[in-house]
Amino acid sequence: MNPVTERELVDSYIRRGYWQDRTLGDFISTRAQAEGDRIALVDQRDALTYRELDDAAGRVAGLLAQKGVEKGDRVMLQMKNSVWHVVSFLGIAKAGAIPIMALCAHRLRELGSFAERAEPTAFIVNEAHQGIDYPAMAREVQARFPGMKTILTFDDIVRAARQASPLDAAAIAARRPAFTDIGLLTCSGGSTNIPKLIPRRHADYLYDAETFAAFLGMNRNDAFMIALPASHNFVLGNPGILGTLSVGGTVVLCENPSPDEILPMIEEHRVTGISLVPAVLSAVLETLSWDDSYDLSSWRMTLVGGSVLEEQLARKAMLMLPSTLHQVFGTAEGINFCTAADDPEEVVIASQGKAISEADEWKIVDENLNEVPRGASGELIARGPYTIQHYYRAPEAEGSFTDDGFYRTGDRAHVAPNGYLVVEGRITDQINRGGEKIVPSELEGYLAELPSIEEVQVVGVPDELLGQRVCAFAIGGSDGFSPASANSHLASLGVASHKRIDQVELIDMWPLTAVGKIDRKRLVEWAQASRNQTNRQL
């Protein structure tokens with residue numbers, strides 16, 4: 001292993017032409033000049049042309065500047081899927097600030113951690129939505145971090161996008177960051193209790209989105225649907241929103257990932273592509289099994305990632321959908337793999353494809369970082385022009401990177417005979433529930449606070465719908481410990497809504513390994529057997 005500095009890697013990406021002197025703020029202005037009155041964004045209520053999108057983003061940038069947001073400031077963004085989410089994101093970029101891409105599922109613990117690390121000066125939030133008072137939650141964060149002087153709501157953004165004075169060209173130029181600067185902060189899946197912030201540069205993120213769009217053969221006739229949370233890296237830039245805009249296509253934003261919303265919008269807007277997690281794909285296929293009235297003839301590509309795509313579900317999708325199925329494996333930290341449109345069916349079912357860029361470097365290594373033979377399992381590590389070399393203000397995570405600049409994904413994988421990547425799962429016990437990463441020790445700590453619980457262990461159990469469901473084993477808990485009571489407790493603590501318990505099992509003692517540790521593999525087997533027994537009784 002030869003040590004490589006971050007500066008050396010950056011210089012090599014610039015020298016080889018992978019990084020261009022462009023920023024996210026430049027990006028939409030350039031696209032508006034090229035595409036003009038073509039529709040850029042559409043949701044259930046609104047639509048914006050490329051020219052209107054650029055103008056609206058400039059007006060939001062003007063509002064942020066008026067509120068005291070300076071070049072390089074961080075702005076937290078937590079907004080539901082709509083054209084105004086994209087307007088806000090690009091408006092922050094035009095103001096020369098850095099968006100922190102929070103998910104609507106994040107609650108006080110996660111938002112507080114982001115604020116502590118990134119010190120945002122402003123927070124753009126939903127109005128109250130689906131029973132959550134987002135402005136009230138933002139005010140609670142603001143009370144703890146007074147440096148966050150401004151809270152703007154969904155309505156504030158809509159009003160500003162139509163009425164505020166835009167930043168003029170001179171102001172935008174003065175605020176323009178370097179293309180090698182941080183362009184946004186996305187959230188990790190979380191290998192610690194709270195997600196880490198991932199610094200993505202302007203140059204690397206644009207390269208990622210455009211390269212992925214080119215890999216899929218996207219063009220200005222594409223209408224790509226965003227049904228998963230728009231702040232999620234999978235649908236923001238892989239290729240997602242930015243990849244679609246880069247080719248002059250239309251981004252169709254669906255507020256909720258429900259078949260009742262997805263399928264009518266595919267028909268209405270002649271959607272050609274969509275990114276899904278297996279759980280949503282399963283729900284879509286279930287709906288189509290009894291309602292085939294939708295005209296889905298425009299649909300040509302389905303990207304599925306976020307968690308393991310079971311073979312049975314993959315084959316069902318290939319049979320029922322008019323589109324090509326693409327398995328995707330990627331990380332918010334960078335590296336992306338995808339199966340190609342012309343890959344054989346068995347390859348698509350059995351692998352996650354190949355890296356999307358010729359410049360991606362990746363290998364499978366053992367615990368000593370030595371590369372293993374083809375076919376052998378090990379940890380996937382990667383580096384390249386859109387993979388980070390460090391987390392944001394997280395010195396405790398230095399072990400996630402090698403001395404020669406490779407990111408340690410923490411995923412166990414091997415290389416198939418055809419050279420494609422096959423991901424087997426996490427090296428750690430991290431649970432992947434419906435595409436969202438959950439650390440068992442975090443939930444164990446919260447559940448241990450319940451007075452009736454003596455000891456608790458949380459494990460991930462294979463599940464056809466979710467990929468993995470979350471099962472809590474407890475000693476004690478005889479006074480009504482259940483998924484409902486556990487989840488009520490988690491909600492009262494402000495834990496993110498996707499970190500929930502699906503199954504509870506009460507036991508008298510732990511199964512132990514030969515060396516006296518709790519046998520988590522045995523717990524998973526018990527959870528599966530218990531669920532199977534319950535299903536048989538039903």
Under 6.0 Å from the NZ atom of Lys80, do we count more than 12 heavy atoms belonging to anything else shown? yes

Electrostatic pair Glu436:Lys499 at N-O distance under 4.0 angstrom: no

Ignoring hydrogens, what is the shortest heavy-atom contact between Gln327 and Ala350? Give both atom names and the distance. NE2-N, 4.4 Å

Any salt bridge between Arg159 and Asp156, counting N to O under 4.0 Å? yes

Name the orientation class of the two ring planes belonging to Phe401 and Tyr407 (parallel below 30°, tilted from 30 to 60°, perpendicular beyond 60°). tilted

Given Ile388, Ile381, Asp208, Thr387, the one that forms side chain to side chain contact (heavy atoms under 4.5 Å, CB included) with Ile335: Thr387

For Trp362, which of Phe406, Tyr420, Phe337 qualifies under ring pair (Phe, Tyr, Trp, His ring centres under 6.0 Å)? Phe337

Looking only at side-chain N and O atoms, does Asp155 offer a donor or acceptor that is under 3.5 Å from a partner on Thr153? no

Check: Thr339 side chain, Val348 main-chain N or O, donor-acceptor pair, under 3.5 Å: no

With a 4.0 Å cut-off, would you call Asp11 and Arg7 a salt bridge? yes

Donor-acceptor check, side chain of Thr250 to backbone of Ile39, threshold 3.5 angstrom: yes or no? yes

Should Ile226 and Val86 be marked as a side chain to side chain contact (heavy atoms under 4.5 Å, CB included) after you check the CA-CA gap, both sets of side-chain angles, and the distance that decides it? CA-CA 11 Å; Ile226 306 301; Val86 184; over 6 Å; no

Full working for side chain to side chain donor-acceptor pair (under 3.5 Å) between Tyr391 and Glu333: CA-CA 9 Å; Tyr391 285 105; Glu333 289 82 357; 2.6 Å; yes

Please check this pair: side chain of Gln78 against backbone of Leu103, looking for a donor-acceptor N/O pair closer than 3.5 Å. yes

Closest heavy-atom contact between Leu253 and Met265? O-CE, 3.6 Å

Ignoring hydrogens, what is the shortest heavy-atom contact between Trp299 and Met301? Give both atom names and the distance. NE1-O, 3.3 Å

Can a donor-acceptor pair be found, under 3.5 Å and without considering hydrogens, that links the side chain of Arg74 to the backbone of Gly72? yes

Taking Glu52 first and then Arg162, would you say they form a salt bridge - that is, a charged N and a carboxylate O separated by under 4.0 Å? no

Identify the residue among Leu216, Ile356, Asn336 that makes a side chain to side chain contact (heavy atoms under 4.5 Å, CB included) with Thr211. Ile356

Return yes if some donor-acceptor pair links the side-chain N/O of Arg38 with the main-chain N/O of Gly248 below 3.5 Å, else return no. yes

Tell me whether the rings of Tyr18 and Tyr207 are parallel (<30°), tilted (30 to 60°) or perpendicular (>60°). perpendicular

Please assess Phe154 against His129 for the test ring pair (Phe, Tyr, Trp, His ring centres under 6.0 Å), listing each intermediate value before the final yes or no. CA-CA 10 Å; Phe154 182 92; His129 177 61; 8.9 Å; no

Backbone of Pro278 reached by a side-chain donor or acceptor of Ser282 within 3.5 Å: no

Tell me whether Glu464 is salt-bridged to Lys316, with the criterion being a basic N under 4.0 Å from an acidic carboxylate O. no

Under 3.5 Å, side chain of Glu267 to main-chain N/O of Asp295, donor-acceptor pair present? yes

Will you find, in the side chains of Asp43 and Asn81, an N or O donor that is under 3.5 Å from an N or O acceptor? no

Can you tell me if Ser29 and Asp26 form a side-chain donor-acceptor pair at under 3.5 Å? no

Non-hydrogen atoms of Gly25 and Lys94 that approach each other most closely: O-NZ, 3.8 Å

Checking the side chain of Asn233 only, and the main-chain atoms of Asn238 only, is there a donor and an acceptor separated by less than 3.5 Å? no

Before giving the answer on side chain to side chain contact (heavy atoms under 4.5 Å, CB included), spell out for Leu184 and Phe89 the whole-Å C-alpha distance, their side-chain angles and the decisive distance to 0.1 Å. CA-CA 9 Å; Leu184 67 157; Phe89 171 74; 4.1 Å; yes

With no hydrogens and no angle check, is any side-chain donor or acceptor of Arg300 less than 3.5 Å from a backbone partner on Thr272? no

I need the minimum non-hydrogen distance between Asp222 and Gly217, along with the two atoms involved. OD2-O, 4.3 Å

Heavy-atom side-chain contact between Leu206 and Leu24 under 4.5 Å: yes

Minimum heavy-atom distance Ala40-Leu53, with the two atoms named: CB-CD2, 4.1 Å

Look only at the side chain of Arg200 and the backbone of Ala332, and say whether a donor-acceptor pair between them is shorter than 3.5 Å. yes

Taking NZ, NE, NH1 and NH2 as the nitrogens, is one of them in Asp360 or Lys354 under 4.0 Å from a carboxylate oxygen of the other? no

